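Accompanying notes for the structure given below.
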Amino acid sequence: MTTDYSDLTELAGTAFVPRVHSDRVLTKKEFVSDQEVRWCPGCGDYAILAAFQQFVPELGIAPENMVVVSGIGCSSRFPYYVDSYGMHAIHGRAPSLATGIATSRPDLSVWIMTGDGDALAIGGNHLIHALRRNVNLNIVMFNNEIYGLTKGQYSPTSPAGLVTKSTPFGSVDHPFNPIRLALGSDATFVARTIASDRQHLTATLRQAALHRGASFVEVLQNCVIFNDGAFDGLKDTTDGARILRMEAGQPLIAGERCVVRDPLHGLTVVPTSAVDESKILKHDPKAHNPGIAFALASIEGADNRDFLPIGVFREIVRPAYDDEVREQIRTYVDAAGGLPTDQDIASLLAGRNTWTVS
Amino acid sequence: MTTDYSDLTELAGTAFVPRVHSDRVLTKKEFVSDQEVRWCPGCGDYAILAAFQQFVPELGIAPENMVVVSGIGCSSRFPYYVDSYGMHAIHGRAPSLATGIATSRPDLSVWIMTGDGDALAIGGNHLIHALRRNVNLNIVMFNNEIYGLTKGQYSPTSPAGLVTKSTPFGSVDHPFNPIRLALGSDATFVARTIASDRQHLTATLRQAALHRGASFVEVLQNCVIFNDGAFDGLKDTTDGARILRMEAGQPLIAGERCVVRDPLHGLTVVPTSAVDESKILKHDPKAHNPGIAFALASIEGADNRDFLPIGVFREIVRPAYDDEVREQIRTYVDAAGGLPTDQDIASLLAGRNTWTVS
Amino acid sequence: MTTHEVQQVHRIAVRFSGDSGDGMQLTGDRFTSDTALFGNDLATLPNYPSEIRAPQGTLAGVSNFQLQFGDHRIHTPGDKPDVLVAMNPAALKANSKEVRPGGHIIVDADTFNKRALDKLGYADDPLTDGTLGDFYVHAVPMTSMTLAALEEFDLSKKDKERSKNMFALGLVSWLFSHSLDSTKAFLTSKFAKKPHVLQANVAALEAGWTYGENTEVFGVRYEVAPATMEAGVYRNITGNTATAYGLVMGAHRAGLQLVLGSYPITPATDILHALSQLKRYNVMTMQMEDEIAGIGAALGASFAGKLGVTTTSGPGMCLKSEFMGLAVMTELPLVIVDVQRGGPSTGLPTKTEQADLLQALYGRHGESPVAVIAAQSPADCFAAAYEACALAIKYRHPVILLTDGYLGNGSEPWKLPDVSTIPAITPDLATAHNAVDAKGEPTFHPYKRDPQTLARPWAVPGTPGLAHRIGGLEKADGSGVISQDPANHDRMTRLRVEKVNRMVADIPDLAVTDPTGEADLLILGWGSSYGPITAACQNLWESGVPVAQAHLRHLNPLPKNTGEVLRRFKRVVVPEMNLGQLSKILRAEFLVDIQSVTSVRGLPFAVPEIEDLINQHVADLAETLQEA
Amino acid sequence: MTTHEVQQVHRIAVRFSGDSGDGMQLTGDRFTSDTALFGNDLATLPNYPSEIRAPQGTLAGVSNFQLQFGDHRIHTPGDKPDVLVAMNPAALKANSKEVRPGGHIIVDADTFNKRALDKLGYADDPLTDGTLGDFYVHAVPMTSMTLAALEEFDLSKKDKERSKNMFALGLVSWLFSHSLDSTKAFLTSKFAKKPHVLQANVAALEAGWTYGENTEVFGVRYEVAPATMEAGVYRNITGNTATAYGLVMGAHRAGLQLVLGSYPITPATDILHALSQLKRYNVMTMQMEDEIAGIGAALGASFAGKLGVTTTSGPGMCLKSEFMGLAVMTELPLVIVDVQRGGPSTGLPTKTEQADLLQALYGRHGESPVAVIAAQSPADCFAAAYEACALAIKYRHPVILLTDGYLGNGSEPWKLPDVSTIPAITPDLATAHNAVDAKGEPTFHPYKRDPQTLARPWAVPGTPGLAHRIGGLEKADGSGVISQDPANHDRMTRLRVEKVNRMVADIPDLAVTDPTGEADLLILGWGSSYGPITAACQNLWESGVPVAQAHLRHLNPLPKNTGEVLRRFKRVVVPEMNLGQLSKILRAEFLVDIQSVTSVRGLPFAVPEIEDLINQHVADLAETLQEA
Ligand SMILES: Cc1ncc(C[n+]2csc(CCOP(=O)(O)OP(=O)(O)O)c2C)c(N)n1
Ligand SMILES: Cc1ncc(C[n+]2csc(CCOP(=O)(O)OP(=O)(O)O)c2C)c(N)n1
Ligand code: SF4
Ligand code: SF4
Ligand SMILES: [Mg+2]
Ligand SMILES: [Mg+2]
């Protein structure tokens, strides 16, 4: 999965974060805290942590210029394990904290580590607003389709019918598709990856980090205790690849199946052998209209994991909220010749109508 | 705008609501309360109230079987004016109340009247969850792209750049497109209409009422005081119709322009004269894949109102949450031979391990 | 087979401890059931870490289950256990200091390898370095004996090892002369579909029993005679289950559907779990997107004529506070259950505390009175929850039920009530006009109050002629139309408070127990401190210590004789698991110089702590009197 | 031209009243400016309906602006206005009962037509039916005179009519001998781009003035001499603007960027509006999606090393409560401004109340102490906001600033402070290691406290070597790692409280004013009741009534001499616009039998109300003493 970003944006996600001196070689170790990792043995969260700590040194920024923010959940314990600044906040509210951090501090690389419950149940509103505003944040959502920390209740991504402690007769909730929700929020970077595919996971996190604005990455993650095997269905079976790896500019083919346009439904899945290669849709995450990305997220088989697209659905350039907020301030501060002096404050306090008593 | 619903769903939105006796003729007056309407003269809310009160008698249900729930905002004063049961609740939370009402009482027609701030700012999370669950509710969102009641701050639908009391130098927030957000939440009925077009408004409300599950209707509504003329741009100008009226089965044409498929962007807008009529996309709100609806909501010109689609974007059948919740209970109650007796309760309390002290 | 002396004892506290994955909660539950079936009185407390499964063999991952059982009324799960079962060195390290000197420590010897000990920073093997000299240490190779017992089974080594908790249970059952029958029956039903696992567990269980029977490791077995308890049918019940059942009872008695809107949160989630099972009982549960939506759905259901209930813990109480204000304003029945945990913020989510009292009373903007009830023991949660429903329905008002992690997760035997004697609750839904309008036409006034209770009529959607609108804006008394009239607001503000105060008519006076009849000292508690306070008082009463005990169940309104009771004593001491919240209320209300004793450790008070406290105050009072 | 007697008076209260669309707020603002520029002391209060623009001519749509001005210190906007300007019959009906008997009522006679009167249920024309016999009624055909004055202008009739408020202003200006200059200057700048509108407004203004000058309608003109005020430069300021500026001042003095996270809500929104203007002052404002996100963004900014602030009113306080708990736990500076309004729930959103005090103190789960400060007058909001910033930064702790609708919207003259004398605030960000780890290596302990203040170090992201993680789980004192240790939790819980208590070192003692030197009665207030209480006391002191006054600015911690002050008096009376919230706190803390006097009408206390109260208590005390 390689993409050329040169044309995409002048500003990388970490554009204003100081780079370490060129002869300092950052290592994974510098991003590992002294806290013992406390997830269940076999939990998918370990792979995400490892991939993250492995790749971030590449960004060339010192750990102290990184902030990892989370809510509450197994996944949300992530900040403790990264030797950066971090905040393990309250349930669902990480995006609001992160908006405050990122908007007031362009010199930090800000990450939100969150779960399907944290991000989509209690935190759904903050998530969609952070995405529409396009705050310069990297949001990594560990989707295990369950509430792990509270010991196994269904989540907003659990499939209908799932038997959990709070749905002993099967859930009747239709789940969110996080990709569709993110697209519906006008997110500028939307991707899906899988914790068990280290390479794809790493590549996706890297792309997210490079994106300026809010990047949303759904990571399918197995909870061995309360929803074990949720993604086992994705493992290839005799009927061919179930995972569609989308790569920009490449035709959308997964094993025996591929994606073509369809007059009725927009897109459809057909046997690769049945169509001319030129008819196979080429993936374009930068398309102006997000309709095709949405159609891909909704493609036949995607919701029951018979045919699941992974990779970057959408990646477009739109001014980041925080850049614009700061720019407005900078304009007026600069115009006035710099930060206010006591004198300036005094004239603010005085306003336009004063009188003197002597 | 006529659509045949016979094939769409066996259950209408009001399926379990008692009908008035066939010789009782319901009138608008029965849905008008004794409270004086307190919106600013010229406010678009009047038109919505009038259209609503005019059309609901058609449903054949008595006012006492209707509940109108709202949050806070100018728009949210709506319940006071309808002589049904009503709750003018707290800001943003109407969907949660309505979920409790609709799920526990299939014999009521439940309406949420809300504003762009109420529904999309503070209430965003409840909205998207009500939509994904597909609770049998009618959600009518008055979109004036401003916070009216609090006297004019920008809202999550205000266009970027809007100068308001809280954005004296212009807003830097990218707004939600409510249709995309609703589609991203997997809503089963998504429509847009305009308060100033009484006929279209009425027809859309009617369709929403007939839909079983959550129906989401965005109504563009002018706030004469704080955002006057927000929709003036839609008025036809010399360059032809700016409003695309979508009707199921009909080609998507607005004046000189029409919608065709486009290999790069999914859909595109071209001069009607430049294409063969057969190439013009026909509207299909029931399409399995919501990609085209999403593309339509995102079509070139839609976000700057140069070419705004109105009508029903999507209307599909999916079991309603409340029906399924009740069904699970009914199944077990029926299997046990009816509601619990004292005896049944006693055996519940006893559980499986008791001992006797004598 | 060796013969063992059987020693009769009055009460015993046992603590099972192991890794989160060792199945200690299940082991404890099973042992509890056996004990209960045998007829002992008992109390239990699970205590687990906030991680789901912290790394194996670490202190952070230790999960405990303690129970105390006896031949008389038992009020707490015990402080210092007489027997500790430690499945690994971490469990030993975490708990050994708390064992009663002279008690038994049973460990799985197989887990005491160098690696495990190093991980915990043990320089020497604690089993042999003499540091456990105060205890009888039994190093039993549980893992290897379990594996040996299951040699024939076609299971992986890992799976076999998972049965070692049953070995431990078998051994402890033998030690206390318990039969294995009920556990076998339990396993049979639990693993009905996995006969392999069933057989392995039973084999391990028996191996543990046999080990006790055949070895000389224990010089003695213990027997605790059945307690003399009131005649009746009993079961063991946790506070959270009892709360769930109390709510079901309340709704059933009122003839209303119970509708729960909730969002999972420790330690309240088990109530949601329990109620989710009860479809057959017409219970509707909605797991909502957050706590706000949880109470919203519940209040919506109440508006629709159901009994709306929401359950949560501290952080959720914060989120629900705005909606509680709406419930106060709309005067609808609503029950809010707060299973308190250690705070502030996320705090100590799996620990207990009683620090949400002031929040329950005052945690909303404006003058927003809510009734507050607190349960005092696990089984008592049933009655408290039922009462919360009854008051909420009768007075059309939100009622907060406070329990806590200790009550919610703890258990005790419960004498089953005779359902037929539980009093009716009459929702008394409005069906007719109750006023005339300006034109003299009959009309409906949603805020026309009952003169006795001040409750407003509850007119449910679907009722012809009574359509009306309510909401969060101040309403005119009577007609219920929006009113900005200053005098009306003042009146309504006072009426809402007065309505809650009128509930005093339905609540009993505060009872004082003073067997010595000569106490100058009153020890007053509320909520879950009932257990340790009662145990301490009973111990001291036996030796004639002059102390009186009273316990508040109703925090708002307070029983009408509260002031009189407080003033009757020379000294009033209020121990609380917070920084003195009840004290503050009582001091403000009655200007009595309450002595506040506080402990905020995430743990219940220990009985000896309370005993010492009482002894000190009694001595001090005696001295003061002498001086005077 | 007629000559008019000019009468000197000491103070005057004027109320402008009209439809929401009549521009009464602007009229009042302008008249206030003139009055202030003239040198009178004054206080103002707008009072408008919660609808944006209720139907014309209805009682619900009436919008008021009242000001009182005088030649001496003015503490309230006045109770019974001496002059009422009523732009229509609804305004007359809503207000006439409150005018001081013998006062002037000026109405727009043109609006008193049958249709308008019918709508309000007037049987007869109140201008002529004798019901206004107690007043001097001036029926001025303002609409027609305005139209006449603008005859030449090329504007629609509707537009011309909109200038009638300027006619009214001109007339009232004449009545009080005010020059029109400043209003003309204001109009010139406001309508710089609309010369038409400017000229029309000026013409209407002058027409009103001329009407007064030329007619005999008023027998007399009034003059209120300038007040003797401390020398200095003054401006008029509302509480909300003063709050905004106080926050700016605090951040500026600390050398930190001010970052506001907020969500609009009446009556707090104006603070957001004011701060949004201040980009040039490096103020960052984020209007977030709700109140939760508002405080979240602010707390995030604080974590990032800025001064995070959030502003709201009651319902928003509910929503922010969970995040406040996180701020308490993470011990970060944060200022929370609550502009209180009538509650509970949506309540009376545009009215005032001081009923969020207990919520501010206790409205969170667990033991969650927060510092609480209350401003006492509109201009005082500046100092109070500044102080909130200073305490928050120094102690690394959330501070709640309580103001209310009366303060926020009301205004008074403010003597501009000498900015250079405002004390520095030193955020003292951590830059270096402060501890050694187990291996003896230097390390950073985020919870290692300053021994004096108990504040923890504030290490900001970007600082090398100090990277650390904080959050809502209980942390070990010092190292800040997650800790479930019971003793640590108890210790941290008490430390958080103690840290807030230590703020007492930075706050002045409670001052008592007792000019008679012989008062047995103390009247104690907090927050915005300062105005009416002070006015009442000053009136009574003039006639030698023995009453002492004290006013609490700091509600948590309380000044260290509070108990001593309370005990010094035979009787302490606390009037509050709630049901006795401060009384409750003081009673609990000091066991003093505070007399609570409460009023929950959405309105400030009236001065005579407080005077009566004092007189009664003084009389009662005298009697009791005599009897004794
Ligand atoms: C306000 C609040 N409500 C509820 C909780 C309880 N809670 C903690 S984590 C969680 C769900 C976690 O699910 P998810 O985000 O999917 O994380 P996972 O554990 O699965 O990684 C819940 C309900 C809480 N801590 N705070
Ligand atoms: C918890 C809470 N926060 C804020 C408010 C203030 N408030 C009331 S309505 C509103 C926005 C209304 O906007 P919208 O929903 O678009 O309604 P409109 O008035 O434009 O119809 C706000 C911010 C409130 N009442 N409650
Ligand atoms: S409960 Fe599930 S998600 Fe949580 S740590 Fe264990 S395996 Fe991972
Ligand atoms: S402020 Fe705007 S939205 Fe509100 S009533 Fe007036 S015109 Fe309508
Ligand atoms: Mg999860
Ligand atoms: Mg709006």
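The structure displayed is predicted, hence computed values, not measured ones. Note on naming: letters A, B, ... go to the chains in the order of the sequence lines (proteins, then strands), and numbering restarts at 1 for each one.
- With a 4.5 Å cut-off on non-hydrogen atoms, D:Val497 touches chain C through its side chain but not through its backbone.
- Among all heavy-atom pairs drawn from D:Arg364 and C:Cys318, the shortest one is CA-SG, 4.1 Å.
- Under the 4.5 Å side-chain criterion, counting only non-hydrogen atoms from C-beta, C:Thr346 is not in contact with D:Leu326.
- Note that NZ of D:Lys475 and OG of C:Ser345 are 8.5 Å apart. Values are rounded to the nearest 0.5 Å.
- C:Asp356 approaches D:Gly366 most closely through the heavy-atom pair OD1-N, 2.9 Å.
- When the candidates C:Ser313, C:Ser483, C:Pro315 are compared by the number of heavy-atom contacts under 4.5 Å with chain D, C:Pro315 comes out ahead.
- Around atom CZ of C:Arg491, no more than 12 heavy atoms belonging to other residues, nucleotides or ligands sit under 6.0 Å away.
- Between chain D and the residues C:Gly472, C:Gly325, C:Ser583, the most heavy-atom pairs under 4.5 angstrom are made by C:Gly472.
- Of the atoms belonging to D:Ile292, it is side-chain heavy atoms, and not backbone ones, that fall under 4.5 Å from chain C.
- Contact tally against chain D (heavy-atom pairs below 4.5 Å) for C:Lys351, C:Gln354, C:Arg341: the top residue is C:Lys351.
- In this view, C:Asp79 satisfies the salt bridge (Lys or Arg N to Asp or Glu O under 4.0 Å) rule with no residue, not counting sequence neighbours.
- By number of non-hydrogen pairs under 4.5 angstrom with chain D, the leading residue of C:Gly342, C:Ala588, C:Gly602, C:Gly343 is C:Ala588.
- A donor-acceptor pair is defined here as one N or O able to donate and one able to accept, closer than 3.5 Å; such a pair exists between the side chain of C:Asp490 and the backbone of D:Val600.
- Residue contact with chain D, scored on non-hydrogen atoms closer than 4.5 Å, involves the side chain of C:Arg496 exclusively.
- Interface summary for chain C: among D:Lys320, D:Met317, D:His365, the most heavy-atom pairs under 4.5 angstrom belong to D:His365.
- The CZ atom of C:Phe590 sits 13.0 Å away from the CG atom of D:Leu591 when rounded to the nearest 0.5 Å.
- Heavy-atom pairs under 4.5 Å with chain C peak, among D:Gly347, D:Ala487, D:Gly316, D:Ser368, at D:Gly347.
- When C:Pro344, C:Gly363, C:Ser599, C:Ala327 are compared by the number of non-hydrogen pairs under 4.5 Å with chain D, C:Pro344 comes out ahead.
- A donor-acceptor pair shorter than 3.5 Å can be found between the side chains of D:His489 and C:Glu353.
- Between the side chains of C:Arg494 and D:Thr598, at least one donor N or O sits under 3.5 Å from an acceptor N or O.
- Of all heavy-atom pairs between D:Gly580 and C:Glu367, the closest is N-OE2, 4.4 Å.
- Heavy atoms closer than 4.5 Å to chain C are found in both the backbone and the side chain of D:Glu322.
- Per-residue counts of heavy-atom pairs under 4.5 Å with chain D were compared for C:Leu603, C:Leu358, C:Leu579; the largest is that of C:Leu579.
- Scanning both residues, D:Leu348 and C:Gln484, for their nearest heavy atoms gives CD2-CA, 3.7 Å.
- You'll find the side chain of D:Lys584 reaches within 4.5 Å of the side chain of C:Tyr362, heavy atoms only.
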